[in-house]
Amino acid sequence: MTLSDPEVLISEADIQKRVRELASKISKDYENCGEVVMVGVLKGSFIFLADLSRQLTIPRVIEFIAVSSYGSGSRSSGAVRLVMDVRGNIEGKHVLIIEDIVDTGHTLNYLIGILESHGPASVKTCALVRKAERAEVDVDIDYLGFDIPDKWVVGYGLDYAEENRTLPYIGTITPLD
Ligand code: IMP
Ligand code: MG
């Protein structure tokens with residue numbers, strides 16, 4: 001399939017501004033909570049996590065978790081599967097899940113369950129973007145960057161079949177044929 005060049009939906013400047021705002025809110029909320037474990041969901045969250053974690057003013061450590069819910073394209077397979085769990089011990093710790101995008105909500109919902117099973121002190125969620133119209137399960141996003149329309153987006157960590165992850169902005173793509 002041929003794809004169009006991405007069209008800018010959220011500019012690099014707008015993303016950076018929002019990341020600073022989220023970091024300042026998170027830093028305030030977790031003040032005096034001790035160390036926060038930021039759990040990045042691979043692969044899509046890696047750029048958001050890198051930028052957000054460096055803006056925080058509270059003690060934090062980084063973990064990663066990997067799930068698979070989609071094939072190589074844009075079609076949801078429905079089921080979510082754990083591919084790699086966190087390595088560190090998160091028992092009794094404050095956990096903040098960092099997601100790139102919440103679409104149907106199944107992935108984030110599943111991740112909350114997995115992380116809660118490790119006995120943390122708390123589990124909260126942070127996502128850069130959400131397609132509110134597509135929600136199939138009701139899942140709380142404690143820190144949200146942007147609500148976006150129901151379009152496939154790429155860039156700032158997000159891909160289409162592994163393409164376009166490293167764009168500095170978030171853009172929409174449309175199949176040309
Ligand atoms: P959910 O389980 O339907 O909420 O899907 C969440 C996952 O689907 C995200 O973590 C992404 O990996 C992927 N995803 C959903 N929509 C998009 C998109 O527009 N661009 C890139 N990845 C997406
Ligand atoms: Mg993801």
Side-chain angles (χ1 to χ4, degrees), residues 1-26 38-56 62 64-84 96-112 114-115 124-177:
M1 190 189 343
T2 327
L3 292 175
S4 62
D5 279 340
E7 214 176 286
V8 179
L9 180 67
I10 310 171
S11 71
E12 181 175 6
D14 286 348
I15 295 173
Q16 294 305 332
K17 177 167 176 274
R18 191 74 186 114
V19 169
R20 282 195 298 274
E21 289 168 0
L22 290 174
S24 120
K25 175 94 172 69
I26 292 167
M38 303 178 78
V39 178
V41 185
L42 292 173
K43 302 175 193 174
S45 75
F46 80 113
I47 294 179
F48 179 39
L49 174 65
D51 284 350
L52 184 70
S53 61
R54 288 179 294 175
Q55 296 278 342
L56 295 183
I62 309 296
F64 286 103
I65 197 164
V67 287
S68 111
S69 54
Y70 282 55
S72 57
S74 61
R75 275 281 237 7
S76 170
S77 67
V80 185
R81 189 168 57 88
L82 184 65
V83 171
M84 185 193 83
L96 181 58
I97 303 174
I98 311 294
E99 250 293 31
D100 49 0
I101 184 165
V102 178
D103 186 13
T104 62
H106 288 294
T107 305
L108 192 54
N109 196 40
Y110 174 82
L111 283 167
I112 293 170
I114 294 281
L115 291 163
K124 290 221 266 181
T125 57
C126 174
L128 184 65
V129 294
R130 168 176 63 183
K131 295 182 195 170
E133 295 162 47
R134 300 249 315 155
E136 285 175 15
V137 285
D138 190 19
V139 54
D140 272 349
I141 305 176
D142 298 287
Y143 305 97
L144 175 66
F146 305 90
D147 265 315
I148 59 165
D150 181 13
K151 290 196 169 146
W152 196 263
V153 287
V154 293
Y156 202 69
L158 291 152
D159 72 308
Y160 179 83
E162 296 303 323
E163 295 290 323
N164 287 318
R165 270 196 210 280
T166 56
L167 291 175
Y169 60 90
I170 290 180
T172 55
I173 47 165
T174 332
L176 293 177
D177 45 25

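Since the model is a prediction, treat every value here as computed from it, not as a measurement.
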**Report entry** Within-4.5 Å side-chain heavy-atom neighbours: Leu128 and Ile170
**Finding:** yes
Query raised in the report: By salt bridge (charged side-chain N to carboxylate O under 4.0 Å, His left out), which residues pair with Arg81, not counting sequence neighbours?
Result: none
Report summary line: With sequence neighbours left out, the residues meeting salt bridge (charged side-chain N to carboxylate O under 4.0 Å, His left out) with Arg165 are Asp159, Glu162
Requested in this report: For Lys25, check salt bridge (charged side-chain N to carboxylate O under 4.0 Å, His left out) against everything at least two apart and list the hits.
Outcome: Asp29
Query raised in the report: Glu7: what forms a side-chain hydrogen bond (donor to acceptor under 3.5 Å, both in side chains) with it, not counting sequence neighbours?
Result: none
Query - Nearest heavy-atom neighbours spanning Val129 and Leu144 - result: C-CD1, 4.0 Å
Requested in this report: Would you indicate whether the side-chain heavy atoms of Asp100 and Val41 approach each other to under 4.5 Å?
Outcome: no
Query - Partner set under side-chain contact (heavy atoms from CB on, under 4.5 Å) for Ala66, not counting sequence neighbours - result: Leu42, Val83, Met84
Query raised in the report: Got a sec, which residues hit side-chain contact (heavy atoms from CB on, under 4.5 Å) with Asp150, two or more places apart in sequence or on another chain?
Result: Lys131, Glu133, Arg134
Query - Partner residues of Asp140 under the side-chain hydrogen bond (donor to acceptor under 3.5 Å, both in side chains) criterion, sequence neighbours left out - result: none
Report summary line: In terms of heavy-atom contacts, Ile141 and Ala127 come closest through CG2-N, 3.9 Å
Report summary line: Those residues at least two apart in sequence (or on a different chain) that pass side-chain hydrogen bond (donor to acceptor under 3.5 Å, both in side chains) with Gln16 are Asp51
Report task. Answer yes or no: is there a side-chain heavy-atom contact under 4.5 Å between Ile10 and Arg18? Result -> no
Report summary line: Residues passing the side-chain hydrogen bond (donor to acceptor under 3.5 Å, both in side chains) test with Thr125, sequence neighbours excluded, are Asp142
Query raised in the report: Is any side-chain heavy atom of Val19 closer than 4.5 Å to a side-chain heavy atom of Tyr156?
Result: yes
Requested in this report: Measure from the side-chain N and O atoms of Tyr143 to the backbone N and O of Ala23, and report whether any donor-acceptor pair falls under 3.5 Å.
Outcome: no
**Report entry** Partner residues of Asn109 under the side-chain contact (heavy atoms from CB on, under 4.5 Å) criterion, sequence neighbours left out
**Finding:** Val137
Query raised in the report: What distance do Glu99 atom CD and Thr107 atom OG1 have between them, rounded to the nearest 0.5 Å?
Result: 6.5 Å
Query raised in the report: Can you name the residues that form a side-chain contact (heavy atoms from CB on, under 4.5 Å) with Ala50, not counting sequence neighbours?
Result: Arg54
